[in-house]
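Here is the structure we will look at.
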Amino acid sequence: MAPIKKTKKTQENINSRLALVMKSGKYSLGYKTVLKTLRTGKAKMVIISNNCPTTRKSQIEYYALLSGSSVHHYAGNNVELGTACGKYYRVSTLVVTDAGDSDILKLDA
């Protein structure tokens with residue numbers, strides 16, 4: 001039972017940090033805009049849902065490696081990621097260009 005509580009706790013932590021980014025930071029939603037932001041080098045962090053297609057996931061990870069930004073694999077699916085962003089639609093990929101008041105960039109560090 002302990003590992004389930006820990007993953008749920010970290011999931012809530014990520015969701016609260018993500019909500020703070022939505023309020024105070026700069027972000028972009030969607031596959032095409034994520035690739036554009038990674039190509040320009042403005043991306044700080046990329047968040048990918050767990051049911052994103054593998055070809056897209058590997059392409060985003062490759063672009064993120066080239067641009068030097070971090071990648072976080074979100075534990076939920078694209079519906080849960082959209083809900084965590086405060087949107088009423090599905091979000092499979094998300095890029096953070098400015099964290100604002102949130103410390104979400106310290107997740108993978």
Side-chain angles (χ1 to χ4, degrees):
M1 288 292 180
I4 295 173
K5 288 182 181 178
K6 185 172 183 180
T7 57
K8 187 169 184 168
K9 184 85 166 175
T10 57
Q11 187 72 17
E12 291 171 1
N13 193 9
I14 293 167
N15 288 349
S16 64
R17 290 178 181 183
L18 200 53
L20 197 55
V21 168
M22 296 298 144
K23 283 187 177 181
S24 65
K26 292 185 181 180
Y27 63 94
S28 185
L29 305 174
Y31 174 68
K32 288 182 181 179
T33 56
V34 165
L35 288 183
K36 285 179 188 175
T37 310
L38 283 169
R39 270 188 247 126
T40 57
K42 296 179 182 175
K44 301 265 192 322
M45 178 181 213
V46 180
I47 301 174
I48 305 172
S49 66
N50 67 355
N51 65 342
C52 184
T54 55
T55 55
R56 284 187 177 189
K57 190 182 293 189
S58 62
Q59 187 175 14
I60 290 170
E61 288 171 348
Y62 178 68
Y63 274 90
L65 178 76
L66 292 177
S67 70
S69 57
S70 63
V71 177
H72 178 74
H73 297 282
Y74 190 75
N77 59 13
N78 54 3
V79 176
E80 293 169 359
L81 184 57
T83 305
C85 292
K87 306 296 180 190
Y88 293 112
Y89 47 85
R90 299 176 296 234
V91 175
S92 64
T93 58
L94 154 77
V95 65
V96 177
T97 54
D98 180 29
D101 297 332
S102 177
D103 58 347
I104 197 165
L105 299 177
K106 296 176 184 163
L107 272 178
D108 294 329

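One is the number of the first residue; the rest follow in order along the sequence.
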Check your understanding: Partners of Ser69 by side-chain hydrogen bond (donor to acceptor under 3.5 Å, both in side chains), sequence neighbours excluded?
Key -> Ser67
**Study point:** Partner residues of Ser58 under the side-chain hydrogen bond (donor to acceptor under 3.5 Å, both in side chains) criterion, sequence neighbours left out
**Key:** none
Check your understanding: Closest heavy-atom contact between Val79 and Arg90?
Key -> CG2-CG, 3.7 Å
Practice item. Supply the atom-to-atom distance Thr97 OG1 to Leu38 CG, rounded to the nearest 0.5 angstrom. Key: 11.0 Å
Study note, to complete from the structure: Between Ala75 and Asn50 the two heavy atoms that sit nearest each other are O-ND2, 2.9 Å
Review point. Heavy-atom distance under 4.5 Å between the side chains of Tyr89 and Leu29, does that happen here?
Key: yes
**Study point:** Test side chain to side chain contact (heavy atoms under 4.5 Å, CB included) applied to Ser16 - qualifying residues, sequence neighbours left out
**Key:** Asn13
Review point. Out of Met45, His72, Met22, which one pairs with Leu94 under the side chain to side chain contact (heavy atoms under 4.5 Å, CB included) rule?
Key: Met22
Exercise for review: Applying side chain to side chain contact (heavy atoms under 4.5 Å, CB included), name anything that partners Leu66, two or more places apart in sequence or on another chain.
Suggested key: Tyr62
Check your understanding: Taking all non-hydrogen atoms of both residues, which atom of Ile48 and which atom of Glu61 are closest, and how far apart?
Key -> CD1-CG, 4.4 Å
Point to revise | Rounded distance [0.5 Å steps], CD1 in Ile60 versus CD1 in Ile47 | key: 12.0 Å
Practice item. List the atom of Ile104, the atom of Ala99, and the distance in Å for their closest heavy-atom pair. Key: CG2-CB, 4.3 Å
Exercise for review: Name all residues meeting the salt bridge (Lys or Arg N to Asp or Glu O under 4.0 Å) criterion together with Asp98; count only those two or more places apart in sequence or in a different chain, and write none if there are none.
Suggested key: none
Study note, to complete from the structure: Residues Cys85 and Leu18: closest non-hydrogen pair is SG-CD2, 4.0 Å
Point to revise | side chain to side chain donor-acceptor pair (under 3.5 Å) partners of residues 75-86, not counting sequence neighbours, each pair once | key: Asn51-Asn78
Point to revise | side-chain hydrogen bond (donor to acceptor under 3.5 Å, both in side chains) involving Tyr27 - partner list, sequence neighbours excluded | key: Lys87
Practice item. Only pairs at least two apart or in different chains count here, so list each salt bridge (Lys or Arg N to Asp or Glu O under 4.0 Å) that has a residue in residues 16-42. Key: Arg17-Asp103
Review point. Who pairs with Tyr88 by side chain to side chain contact (heavy atoms under 4.5 Å, CB included), at least two apart in sequence or on another chain?
Key: none
Exercise for review: Could you pull out all residues at least two apart from Asn15 that satisfy side chain to side chain contact (heavy atoms under 4.5 Å, CB included)?
Suggested key: Gln11, Tyr74, Ala84
**Study point:** Results of side-chain hydrogen bond (donor to acceptor under 3.5 Å, both in side chains) for Ser24 - residues two or more places apart only
**Key:** none
Point to revise | Ser28 to Val34 - nearest heavy-atom pair and separation | key: O-CG2, 4.4 Å
Check your understanding: Between Thr37 and Ala43, is there a donor-acceptor pair closer than 3.5 Å when you use the side chain of the first and the backbone of the second?
Key -> no
Check your understanding: Given the rule that I, L, V, M, F, W and Y join up when any side-chain heavy atoms are under 4.5 Å apart, are Leu20 and Leu105 in one cluster?
Key -> no
